[in-house]
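A short write-up of the structure that comes next.
All of these numbers come straight from a predicted model, not from anything done at the bench. Numbering of ligands and ligand atoms starts at 1, following listing order.
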Amino acid sequence: MTIKSDHYNAGRRAGMHYNSFSEYLRDKYRCRVLKIPINAGLSCPNRDASIGREGCIFCSADGSASPGMSGSMSLPEQIAAAKRAFKRSDADTRYIAYFQAYTNTYAPPKRLKELYDLSLAQEDIIGLMVGTRPDCLPDDVLDLIASYRRDGFELWLEIGMQSSHDKSLEFLRRGHTNDDTLDAISRAARRDIPVCVHLILGIPGETWHDMMRTAVSLRGMPVSGVKFHHLHVIRGTGLEQMYREGRMQALAMKEYVSILCDFIERIPPDILIHRLMGDREENTLVAPRWGLNKGTVMKAIDDEFLRRCTFQGFLMDRDGTDT
Ligand code: SF4
């Protein structure tokens, strides 16, 4: 299922340069909708030795959890704590249960159903988002996720694609190929499950052209959302060692903003952009430190689109890998 709506055209009229997921949620539900990151205590085949023990080169011991998430709390406690932290005013707010940390389809369907159902039983939850690896989506798990599809409910499957290039997946120590990603996306699409792909920009060894080829590859896929992440170096990861030994460099903010805008100009305008950059706590972030200034980066992205007078899909009629 790809989500087609008038939302993007309305956004363009309002001066937005890209199809923002948060604006889409606000338009659809007419209230504030926030994602609650959940650590369900599941593991990952790239950590428990099924595929590998060290994990992906960028992944911290917390399984790429959001800052402040605690797996020591029960699932209802995590949701309640997040709601308290998000409470800013009396604004009408609904929530999406976002299974984020580790691999959230890495358990028998019966166990997964218990976890998903428990999250949905909490008050004001109007959606479910499941983050996972492409090689952890057997048909029975996809059938389970599809069973949550219904009108007025926000269902998303977030697949860690990262790049369309196998050499980059190897560098990242992902332990899966791009074919695994394509297979998972097409089996999810057959079940009308909206898919968001997680992508990383700035992978060492990837050229600008490589990144644009990944952008162009999205055009033919039944993908409804994209989540961007700049490659950042987290304390305690394999990447930190490489960085400290001078074997990799992080992108400068200006480079990231430019590449990101180049990418967004090449992808279909109806793909919803869930996120534009990664997020980390100061004490765990090694580099690049500009990642701590989210507001500055977001403004720089808007300014860059304004300077170019372009927007999402602006270069859709080109093959997209030219300069
Ligand atoms: S698949 Fe996810 S949880 Fe597992 S090591 Fe990689 S990033 Fe971390």
*With sequence neighbours left out, write down each residue that passes side chain to side chain donor-acceptor pair (under 3.5 Å) with Ser43, or none if nothing qualifies.*
none

_NZ/Lys254: more than 12 non-hydrogen atoms of other groups inside 6.0 Å_ = no

_Using a 3.5 Å distance criterion without hydrogens, assess whether the side chain of Trp156 forms a donor-acceptor pair with backbone atoms of Gly225._
no

*Specify whether an N/O/S atom of Cys44 falls short of 2.8 Å from atom 6 (Fe) of ligand 1.*
no

*Within one Ile-Leu-Val-Met-Phe-Trp-Tyr cluster: Ile267 and Val223, side-chain cutoff 4.5 Å*: yes

*ligand 1 atoms in contact with Arg174 (distance to a heavy atom under 4.0 Å)*: 1 (S), 6 (Fe), 7 (S)

_At less than 4.0 angstrom from any non-hydrogen atom of Arg133, what atoms of ligand 1 do you find?_
1 (S)

*Out of Gly160, Cys56, Gly175, whose heavy atom sits nearest atom 6 (Fe) of ligand 1?*
Cys56

*ligand 1 contact by Arg173, heavy-atom criterion under 4.0 angstrom*: no

_Using a distance threshold of 2.8 Å, state whether an N, O or S atom of Cys59 lies below it from atom 8 (Fe) of ligand 1._
yes

*Salt-bridged, Arg174 to Asp135, with N to O below 4.0 Å?*
no

*Tyr102 neighbourhood, listing ligand 1 atoms whose heavy-atom distance to it stays under 4.0 Å*: 3 (S)

*Can you say whether the rings of Tyr18 and Phe305 are parallel (under 30°), tilted (30 to 60°) or perpendicular (over 60°)?*
tilted

*asked:* With a sphere of 6.0 Å drawn around CD of Glu245, does it hold more than 12 non-hydrogen atoms of other residues, nucleotides or ligands?
replied: yes

*Would you mind listing which atoms of ligand 1 come within a distance below 4.0 Å of any non-hydrogen atom of Arg47?*
5 (S)

*Could you list the atoms of ligand 1 found under 4.0 angstrom from a heavy atom of Gly55?*
5 (S)

